[in-house]
Amino acid sequence: MKNRYVAEVLYKIADILEIKDVKFKPNAYRRAAQNVESLPEDIEKLHERNELGKIPGVGKNIAEKIKELLETGSLAYYKKLRDGIPVNVEELSSVEGIGPKTIKTLYREIGIKNLEELEKAAREGKIRSIKGMGEKTERKILDNIEFAREGGGRWLLGFVLSEAISIKALLEKKVDKISVAGSIRRMKETIGDVDILVVSSRPAEVMDFFTGMKNVETVLVKGETKSSVRLEDRIQVDLRIVDEDSFGSALQYFTGSKEHNIEVRKIAVRKGYKLNEYGLFDGNGEKAAGASEKEIYGALGMDYIPPELRENRGEVEAAMNGRLPDLIDYRDVKGDLQMHTTWSDGANSTEEMVEEARGMGHNFIAITDHVGTLKIAGAMDENKIRRQMREVEKINEEYDGIHVFYGAEVNIMKDGSLDMGRDVLKDVDVVVAGIHSSFRMQEKEMTERVINAMENDAVNIIAHPTGRIIQKREGIALNFDRVFDVARENNVMMEINAQPARLDLDDIHAKMAIGRGVKLSVGTDAHDANHLHYINLGVAVARRAWAEKKNVINTYSIKKLEKLFEK
DNA sequence: GCCGTTTTCGGCCCGACTGTTTTCAGTCG
């Protein structure tokens, strides 16, 4: 699948055009790139059907370019642009405060082409010699290069969420109203910074308190309505103060995404309004809405759009036509379908997992310890499996209010066979199969491998289907259309693994799976009782994939699941 | 380069903060 690759080339073209000061084209390329990136199917399929032009934002010219890119593997137009500006735009613009205009100036004035040269020039005091730049700019560049090197500035949602909640608790007493906004509210898999929105009658005091919190390392910006700080653990937190009657419009605005907001504002303009963070205003400058998000979407003729959908992936149009999905709710999930205990590589006993899950209100869980050959993960042999089965039977007799499915996580070998025999697996309630090695096979081979596993009638769920680790490991190469078709035909579920660094399937692939009639299974893959609380991260992915209750088997009754797992 | 409930040309989201400027350009979200 080349969606991601095509989108990247389009984004890079946009960057170079922007440096060349070309008007409007950069945005056209970005819009096209964004829509390619979030396409619910393989772009090569669209190309085969000659339907590239049907992608929003892709007209005749960009369609031609995508065609060339897919057919020849390169794009003459992009090559020519890149050769004209021999500058590593991506690298340079990763430094906060460096945008296209600055990159152009730096190149024109002192020939800077990459991060290394920028750092050298800043250290040697050459930046300040450029008109419009001074000592402060130079200092800031050096600081931000260091920051960019340290971690790229994006954090896993699973880790930032708790930080955001504790800051919110700290501020809560000082303000009249508060909400977390930004990508955290949209439950995006990685978070650039924490956005917090408050209403307060004493803004100056709140700003002083915020910038003076004891875990603040640096105050980046401090103003009357907006302040930004970097915490000791390097996470950036932005705080905005707004008026009560603008809280809804501000929340809408600061929740984003940027692309969603642009789309919504275009609708506003078309209907004769102006939308900004202070409210929705009509042609006479009269405020038409602002106190709540519902009010604003309503005034624009849209259904309320849940934050997780606000990515400009068709939600604005759907909201206009009353065709938004009836999203699965966090409370609809009644159980967790992947976890480990001390029987393999988990930290807690089966009882401890059951008790934690029951405390969370789960009706069922599946214990899915490793079995087979994966010795590094404590995989069990048949003998041990039989003993654990008896333990689970006993637990089911002892515990009320929760049912434990006896599961197993088997390994999918290079040829797609499983590392545990059918005579054992037939006695296991739910079999979760995953790839744990040989991640780098070619797409065709890899697709056959996964399909082989799914055609094994012991298999119920494919665990972490792409094997990606966010910011560390690319997912495996798969023909997703084929994989999802075979999954549906064989009644195999695709997992949304809720580990913070996995979230696999991701939102885009999960949406694709739903589109092809595949059911999803959320599993925390908990190796510790505390990990069971990651379940909401998985549900968030499902929501971002437009999933309804019926698409996610964790919402099913125990009876219905038993039947589903029997095949 | 794309697009259309001001359609085939003329538009293309909007405001705060910073650093460098004497009135604004650039960046960010």
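None of these values were measured; they are calculated from a predicted model. The chains referred to below are lettered A, B, ... by the order of the sequence lines, with proteins before strands, and numbering in each begins at 1.
The stretch residues 195-211 of chain A does not touch DNA chain B, since none of its heavy atoms comes less than 4.0 Å from the strand. If you check residues 270-287 of chain A against DNA chain B, the residues with a heavy atom closer than 4.0 Å are Arg270(A), Lys274(A), Leu275(A), Asn276(A), Glu277(A), Tyr278(A), listed by number. Listed by residue number, there are no residues of residues 295-304 of chain A with a heavy-atom contact under 4.0 Å to DNA chain B. Near DNA chain B, meaning a heavy atom under 4.0 Å away, the residues from residues 54-69 of chain A are Pro56(A), Gly57(A), Val58(A), Gly59(A), Lys60(A), Asn61(A), Ile62(A), Lys65(A).
Comparing dT7(B) with dC2(B), their C1' atoms sit 13 Å apart, to the nearest whole Å. Comparing the same atom, C1', in dT5(B) and in dG1(B) gives a spacing of 23 Å after rounding to whole Å. With P as the reference atom, dT6(B) and dG11(B) are 15 Å apart, rounded to whole Å. Nucleotides dT20(B) and dC14(B) are separated by 23 Å at their C1' atoms, to the nearest Å.
Figure legend. dT8(B) is base-paired to no nucleotide; pairs are counted as Watson-Crick or G-U wobble with both atom distances under 3.5 Å.
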Go through it in stages, so that I can follow the logic: the residues are Ile66(A) and His47(A), the test is side chain to side chain contact (heavy atoms under 4.5 Å, CB included), and I'd like the CA-CA distance, side-chain angles, deciding distance and then a yes or no. CA-CA 9 Å; Ile66(A) 295 175; His47(A) 172 43; over 6 Å; no
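A side-chain hydrogen bond (donor to acceptor under 3.5 Å, both in side chains) check over residues 197-220 of chain A, counting only residues at least two apart or in different chains, returns the pairs Arg202(A)-Glu205(A), Asp208(A)-Lys222(A), Glu217(A)-Arg234(A).
Comparing Pro100(A) and Glu224(A) by the nucleotide of DNA chain B that holds the closest heavy atom to each, the one mapping nearer the 5' end is Glu224(A). If you find the closest nucleotide of DNA chain B to Val221(A) and to Val95(A), the one lying nearer the 5' end belongs to Val221(A).
Around atom CD of Glu224(A), no more than 12 heavy atoms belonging to other residues, nucleotides or ligands sit under 6.0 Å away. Enclosure of atom NZ in Lys45(A) by more than 12 non-hydrogen atoms of other residues, nucleotides or ligands within 6.0 angstrom is indicated. No more than 12 heavy atoms of other residues, nucleotides or ligands shown are found within 6.0 angstrom of CD on Glu135(A).
Under the 3.5 Å distance criterion, with hydrogens and angles disregarded, no donor-acceptor pair is assigned to the side chains of Glu44(A) and Asn3(A). Between the side chains of Arg310(A) and Ser257(A), not a single donor N or O lies within less than 3.5 Å of an accepting N or O. Side-chain contact of Tyr11(A) with Glu37(A): a donor-acceptor pair under 3.5 Å is present, judged by distance alone. Side chain to side chain, Thr105(A) and Lys131(A) fail the donor-acceptor criterion of an N or O pair below 3.5 Å. For the residue pair Asp525(A) and Asn497(A), a side-chain donor N or O sits within less than 3.5 Å of a side-chain acceptor on the partner. At a cut-off of 3.5 Å, with distance as the only test, no side-chain donor of Glu311(A) or His260(A) sits close to an acceptor on the other residue. Counting only N and O atoms by type, the side chains of Gln499(A) and His464(A) include no donor and acceptor under 3.5 Å apart.
The outermost nucleotides of DNA chain B lying under 4.0 Å from heavy atoms of chain A, listed 5' to 3', are dG1(B) to dG29(B).
Across all strands shown, Phe254(A) has no heavy atoms under 4.0 Å from either base or sugar-phosphate atoms. Using a 4.0 Å heavy-atom criterion, one finds that Lys101(A) contacts the sugar-phosphate atoms exclusively.
With rounding to the nearest 0.5 angstrom, the OG atom of Ser228(A) is 4.5 Å from the NZ atom of Lys226(A).
Two residues are said to be in side-chain contact when any heavy atoms from C-beta on lie closer than 4.5 Å; Asn114(A) and Ile112(A) fail this criterion.
Taking the ring centre of Phe247(A) as origin, the terminal cationic atom of Lys177(A) falls inside the region bounded by 6.0 Å and 45° from the ring axis.
Among Asp245(A), Val242(A), Val175(A), the single residue meeting the side-chain contact (heavy atoms from CB on, under 4.5 Å) criterion with Val199(A) is Val242(A).
Its glycosidic angle being within 90° of 0, dT7(B) falls on the syn side.
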